[in-house]
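Below: one structure, written as structure tokens.
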Amino acid sequence: MNPLEEYREQIDEVDEQLVALIAKRFEVAAKIGEYKKAHQLPIFNPAREEEVLRKVARWNTNDFYTEQIQQVYQTLMDEAKKIQE
């Protein structure tokens, strides 16, 4: 197997794990949406989103990718809001 194929295999393995984790995140987001509806809370909480973005920046061990990781998380949160509605 050439290096490109090996790298792609590694990406596939990571992607499989990511899909499972993203699905779990969305399941929890759906539960949060149910709670928010039951307690008449707004779906969008800008302070919480800023907190999440700060946390993922802090958890990132490679500062070079911080902006990209935050963009991914912003997309995840945008999709979670759709699920909660």
Side-chain angles (χ1 to χ4, degrees):
M1 184 180 303
N2 70 47
L4 180 59
E5 290 172 342
E6 289 178 17
Y7 295 144
R8 286 179 174 164
E9 188 173 292
Q10 289 175 26
I11 288 287
D12 288 346
E13 290 172 8
V14 171
D15 285 347
E16 184 177 359
Q17 295 171 32
L18 282 171
V19 167
L21 291 171
I22 291 168
K24 180 158 182 78
R25 191 181 200 288
F26 287 159
E27 288 171 8
V28 175
K31 291 176 184 176
I32 290 170
E34 291 170 8
Y35 180 90
K36 287 178 176 181
K37 284 179 186 174
H39 294 87
Q40 288 93 35
L41 297 171
I43 297 298
F44 179 56
N45 181 340
R48 172 63 180 155
E49 287 196 12
E50 286 299 318
E51 177 186 355
V52 170
L53 294 175
R54 279 192 308 275
K55 283 182 183 181
V56 298
R58 190 174 66 244
W59 295 333
N60 179 25
T61 59
N62 185 339
D63 290 338
F64 181 74
Y65 300 115
T66 298
E67 183 179 338
Q68 291 83 359
I69 290 171
Q70 286 179 316
Q71 288 175 349
V72 168
Y73 267 84
Q74 186 63 59
T75 299
L76 287 170
M77 291 186 291
D78 291 345
E79 294 303 314
K81 286 183 281 196
K82 292 176 188 175
I83 289 168
Q84 290 178 6
E85 295 173 346

- Apply side-chain contact (heavy atoms from CB on, under 4.5 Å) to the pair Lys55 and Val52, showing each step before the final yes or no. CA-CA 5 Å; Lys55 283 182 183 181; Val52 170; 5.7 Å; no
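A continuous path of hydrophobic side-chain contacts links Val72 to Phe64 [ILVMFWY only; heavy atoms under 4.5 Å]. Linking Ile, Leu, Val, Met, Phe, Trp and Tyr residues whenever their side-chain heavy atoms come within less than 4.5 Å leaves Val19 and Ile83 in two separate clusters.
Heavy-atom neighbours of Phe26 CZ from other residues, nucleotides or ligands within 6.0 Å: above the threshold of 12. Open room surrounds OH on Tyr35; 12 or fewer heavy atoms of other groups in view lie less than 6.0 Å from it.
Rounded to the nearest 0.5 Å, atoms CD (Glu79) and CD (Gln84) are 12.0 Å apart. Note: Asp63 CG to Ile69 CD1 = 9.5 Å, rounded to the nearest 0.5 Å. To the nearest 0.5 angstrom, Phe44 atom CZ is 8.5 Å from Asp78 atom CG. To the nearest 0.5 Å, atom CG of residue Asn2 and atom CZ of residue Arg8 are 8.5 Å apart.
If you check the side chains of Asn45 and Glu49, you find no donor sitting under 3.5 Å from an acceptor.
Side-chain contact between Asn60 and Gln70 is absent, with no heavy-atom pair separated by less than 4.5 Å.
With a 4.5 Å cut-off between side-chain heavy atoms of Ile, Leu, Val, Met, Phe, Trp and Tyr, the cluster of Val28 takes in Ile32.
By the 4.0 Å N-to-carboxylate-O rule, Lys82 lies too far from Glu85 to be salt-bridged with it. Between Glu51 and Arg48 there is a salt bridge, since at least one side-chain N of the basic residue sits less than 4.0 Å from a carboxylate O of the acidic one.
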Show me the donor-acceptor pairs within less than 3.5 Å that the side chains of residues 10-17 make with the rest of the protein, sequence neighbours left out.
none

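The backbone N or O of Ile43 sits less than 3.5 Å from a side-chain atom of Lys36, completing a donor-acceptor pair.
Applying the ring pair (Phe, Tyr, Trp, His ring centres under 6.0 Å) rule to Tyr65 yields no partners; only residues at least two apart in sequence or on another chain are considered.
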